[in-house]
Each structure stands twice: as C-alpha cells, then as structure tokens.
Amino acid sequence: MRVLVLNPGSSSLKYHLRDTSAPDAAAGLLMSGQVDWPADERSSQDGLHAAFDELDATIKGLGSSGPAAIGHRVVHGGLRFNTPVRVTADVISAIEDLSPLAPLHNPASIACMDAAGRRWPDLPQVAVFDTAFHRSIPEFAARYAIPEDAYQAHPVRRYGFHGISVEMACRDTAEFLDVASLNAIVAHVGNGASVTAVKNGLSVDTSMGMTPLEGLVMGTRSGDLDPSVVLLLQQEGATADEVDHLLNHQSGLLAVAGSADMRTVERAAGRGEPQARLALDMAAYRLAKYIAAYSMVVDQPGALVFTGGVGENSHIFRAKVVGWLAPLGLALDQGLNTADQARIRTISTTESAFPVLVVPSDEERAIAESTAALLATAVRKV
Ligand SMILES: Nc1ncnc2c1ncn2[C@@H]1O[C@H](COP(=O)(O)OP(=O)(O)O)[C@@H](O)[C@H]1O
Ligand SMILES: CC(=O)OP(=O)(O)O
Ligand SMILES: [Mg+2]
C-alpha cells in the first residue's frame, strides 16, 4: 500500500511516501522531505502548505498513482489510544482534548489531518501514537507521588513519548544483534529528547512524563527541574502561559547556549565559547545519569542505542555521554564513532560492557506499516 506519512516534530514537519509492499525498507521509500515548521509559527500553517505543495509536485513527478492512505504521527494519545486508529471526528476531538499535554505537537497533528482531509478527501487517515509503546511501564514508575484527586482529575502520570521511534529502533536493533528478546536503553535525541529502558522488548521506564517536557535537556525545553522553580516564576508575576512558554520554547540548549540547534552549539563549543560548552555538558551529563540508572532497571542491557537527529549525527555528543559511563564499562571506538554512515552500526570497542549502537530513526516507516496493517484488518473484517 502507498502511504503518505506526516510527522510533525517540534521543529519540523517530515513527510514520506512509502510503499509498504516493497521487498525492503530502502525500496519502499518513494520520496521524503522535511520543512522547518517551528512550533511558534504554526498558526500561519505556511510550513504545512509549503510541504503539501512540494508533495503534490513530487507525487505528480512520480508519474503513477498517489497515496492510498495517510498515516499521522500523534504524540499524545493519553490513556485512550493503545493502538493505531482510523481518524474520525471523534478521534480528532480526543486528540484535541489532549493538546494541553502536548502543546507543541498535538495541534500540529490536527492541522495535518484537516489539511490532508481537504487535499485528499477520499483517502483513509490513520493516527499512530507515540505514547502507545509506553503503556507497559509499571504503575510504580508511571505514577507521581501526588494526592489521588489530582491523579484522577487529569490523570497526572507518566505517559512517555517517542514510542514510535523507540519501538522501531528496538526492532532494527534486535534484528541487527540477532536476538529474539531485546533488553536495551534507547536514547532518542533530536530537538525533543528522551531515553527509554526496554526489557524483553517492552518499555519499562522513560524520561518524558505527563508531557514531553520532563527529563533530558532539549533544544528549547528544560527537562527535569525542581517544581518550585515554576512556583517562584509565578510568585514573581509570570502567568501559567508565560511559564509554559519559558520552559517549552525558551529553555534547554537555547537558554544556555543561545541556539537550539546542536550543530550551532557544537561549533560554538569548538571555538571554546563557555556557554556552549556548558550547554553540551549539561545535556550529555543529564542523559548519562538516566542511562546509568536504566542500566540497573533493564538488568544486563544488550545495547545502548543512539537515535534521533543528534543521536545519529553527533559523535561529539555521543562521546561526551559515553565518557561519563566508563565506570559501567562502556567504551566507544573513536574511529567507529566518528565514521559518517547513515546505517545501523556498532560504535563501541569489543571490550565495552555492552554494545553501543547508532540506529537511524525511522518513525515514518513504522507509521506507514501500522497504517497499512490497520487498513488491511479493516478490509478483512468487511
Ligand atoms: N550532523 C549533526 N551534528 C549535530 N547535530 C545534528 C546534526 N544533524 C542534525 N543535528 C541536530 O538534530 C536536531 C534535530 O533532530 P530531529 O530528530 O530531526 O528533530 P525533531 O524531530 O524533534 O524536529 C537538531 O538539533 C540538529 O542540530
Ligand atoms: C515528543 C517529542 O518531543 O517529539 P519531537 O522530538 O519530534 O519534537
Ligand atoms: Mg522527531
């Protein structure tokens, strides 16, 4: 099946046209593209229209039939969505209800669904959720220790994100290492970043929480902080919206180094700029701390996996993270780590306590496959 995949991340809109019946992943990718679509410029939808114009032109250029279905990445599916679903008015309204818990992402998915529905009114659309993979996290790791009525009201708990990417990275890793059941720690580091503990192929803990704000230091998000910081900002007169904006859009690498783009931060750090070096150290140290903790949670990890724009491309960041993990017996091979190759590969030494891998993130392939599988089941049921 030809599936058009729309993946609105926090800084970009990625789109792929895939043929899920092709013999392998490479052959199945008919075209792909990406436009900058910064979260604070989304009200204009210019990025979305630019992507759609490019898509139309490329689909025409392919000279054959266009997509038969559209698959969307939806970051927050709450407690309701454990599996991919057909997009209906009711589903869109549920995704909208969850928007306060993923303000950078869920509204963008709804914009994509609306626009795709107008452009291709006859095509079925499917929503695939980042949160679904993390539903296996045990209650003791998912709950925050706050009063029960607060939990019941929202419910305030850890949902976890990047699940589509992590699940796909686990599949690719298990195949690469030739293991039937994978224990691993998967660090998805892009503009948004999270790390997940995977035991027997299932998520058992992850650094993002009720929203994609918790955990690691990200491009523009603070990650973990003492909740009292929020109270202090409010006591000083900031509104809830202002605090939200400060922590989601003005924090992270941007706040410390002046740029949310890891390439810019690395270049500045290379020139010896102290703020850039500090930002890099903060981001790497925070991730290393989580990995060390998760190595106990996972018990005998079979791999540490780096994926996402930074995880896949930044040897400097990976070297800094793994540098902190020497006491665990992890060691990178400098030549393998710095080799510039866009494929799954090992970057650790043979002496490393467990292998460290770079695994290209392929959220779009996972979404295309889930979309085709759901629609095939629907057809069988008719
Ligand atoms: N060669 C590279 N070296 C360092 N960082 C890189 C490189 N290529 C991409 N990145 C970083 O990857 C991040 C974007 O990752 P990505 O996973 O595409 O983000 P998102 O899906 O959240 O929009 C940016 O911070 C960018 O600087
Ligand atoms: C959940 C999240 O932060 O996604 P992204 O990294 O694509 O912005
Ligand atoms: Mg992303």
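In what follows, residues are counted from 1 in the order of the sequence shown. Please read these numbers as outputs of a predicted model, since none were measured by experiment. Just so you know, ligand 1 is whichever comes first in the structure, and atom 1 is the first atom listed for that ligand.
- The shortest N/O to N/O separation between G9 and ligand 2 does not fall below 3.5 Å.
- Listed by number with element, the atoms of ligand 2 under 4.0 Å from a non-hydrogen atom of G192 are 3 (O), 6 (O).
- If you number the atoms of ligand 1 from 1 as listed, the ones under 4.0 Å from a heavy atom of M262 come out as 5 (N), 25 (O), 27 (O).
- Under the 3.5 Å distance criterion, with hydrogens and angles disregarded, no donor-acceptor pair is assigned to the side chains of D36 and S12.
- Between R277 and R271, the closest side-chain pair of non-hydrogen atoms is not below 4.5 Å.
- By the 3.5 Å distance cut-off applied to N or O atoms, H162 is counted among the residues near ligand 2.
- Counted by atom type alone, T196 and T206 present one or more donor-acceptor pairs between their side chains at under 3.5 Å.
- Looking at G308 next to ligand 1, no N or O pair under 3.5 Å apart turns up.
- Between D224 and K289 there is no salt bridge, since no side-chain N of the basic residue sits under 4.0 Å from a carboxylate O of the acidic one.
- Salt-bridge annotation for R171 and E369: present, with a side-chain N of the basic residue lying under 4.0 Å from a carboxylate O of the acidic one.
- Nearest protein heavy-atom contact of atom 8 (O) of ligand 2 is S10 OG, 2.5 Å.
- The shortest separation from a heavy atom of M208 to ligand 2 is under 4.0 Å, placing the residue in contact.
- A donor and an acceptor atom, one from each side chain of R157 and Y151, are located under 3.5 Å apart.
- Using a 4.5 Å cut-off on side-chain heavy atoms (C-beta onward), L280 and M262 make contact.
- Residues Y159 and H134 place their aromatic rings such that the two centres sit no closer than 6.0 Å.
- A donor-acceptor pair is defined here as one N or O able to donate and one able to accept, closer than 3.5 Å; no such pair exists between the side chain of S207 and the backbone of S194.
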Q) Between H188 and S165, is a side chain to side chain donor-acceptor pair (under 3.5 Å) present by the stated rule, with each step listed? A) CA-CA 8 Å; H188 176 112; S165 166; 2.8 Å; yes
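- With 3.5 Å as the limit, one finds no donor-acceptor pair spanning the side chains of T88 and D90.
- Counting only heavy atoms of the protein, atom 3 (N) of ligand 1 lies nearest to R263 CG, 3.6 Å.
- Residue contact check: D261 has heavy atoms under 4.0 Å from atoms 25 (O), 26 (C), 27 (O) of ligand 1.
- Annotation for ligand 1: atoms under 4.0 Å from non-hydrogen atoms of S314 are 4 (C).
- In terms of N/O distances under 3.5 Å, ligand 2 is approached by H105.
- Of the polar atoms of R221, at least one N or O is found under 3.5 Å from an N or O of ligand 2, judged by distance alone.
- In the vicinity of S12, heavy-atom distances shorter than 4.0 Å reach the ligand 1 atoms 23 (O).
- G309 N, 3.0 Å is the protein heavy atom nearest to atom 17 (O) of ligand 1.
- Within the listing of ligand 1, atoms 22 (O) sit less than 4.0 angstrom from a heavy atom of S10.
- Protein heavy atom closest to atom 23 (O) of ligand 1, with residue, atom name and distance, is S11 OG, 2.7 Å.
- Annotation: side chain of V91 is in contact with side chain of F81 (closest heavy-atom distance under 4.5 Å).
- Below 3.5 Å of separation, one finds no N or O of H188 facing any N or O of ligand 1.
- Close contacts of ligand 2 with F161, meaning ligand atoms under 4.0 Å from a residue heavy atom, involve 1 (C).
- Note that CD of E364 is 6.5 Å distant from NZ of K14, once rounded to the nearest 0.5 Å.
- If you check the side chains of N248 and R221, you find no donor sitting under 3.5 Å from an acceptor.
- The shortest N or O to N or O distance between V189 and ligand 1 is not under 3.5 Å.
- For atom 7 (O) of ligand 2, the nearest protein heavy atom (residue, atom name, distance) is R73 NH1, 2.9 Å.
- Heavy atoms of A260 come nearer than 4.0 angstrom to ligand 1 in at least one pair.
- With a 4.5 Å cut-off on side-chain heavy atoms, V126 and L375 count as touching.
- Closest protein heavy atom to atom 11 (C) of ligand 1: V310 CG2, 3.6 Å.
- Among the atoms of N191, some N or O lies under 3.5 angstrom from an N or O of ligand 1.
- Closest protein heavy atom to atom 2 (C) of ligand 1: N313 CB, 3.3 Å.
- If you look at E363 next to ligand 2, there are no close heavy atoms at all, none under 4.0 Å.
- Rounding to the nearest 0.5 angstrom, the gap separating the CG atom in L4 from the CG atom in L6 is 4.5 Å.
- The closest approach between K14 and ligand 1 falls below 4.0 Å for a heavy atom of the residue.
- The shortest heavy-atom distance from G192 to ligand 1 is under 4.0 Å.
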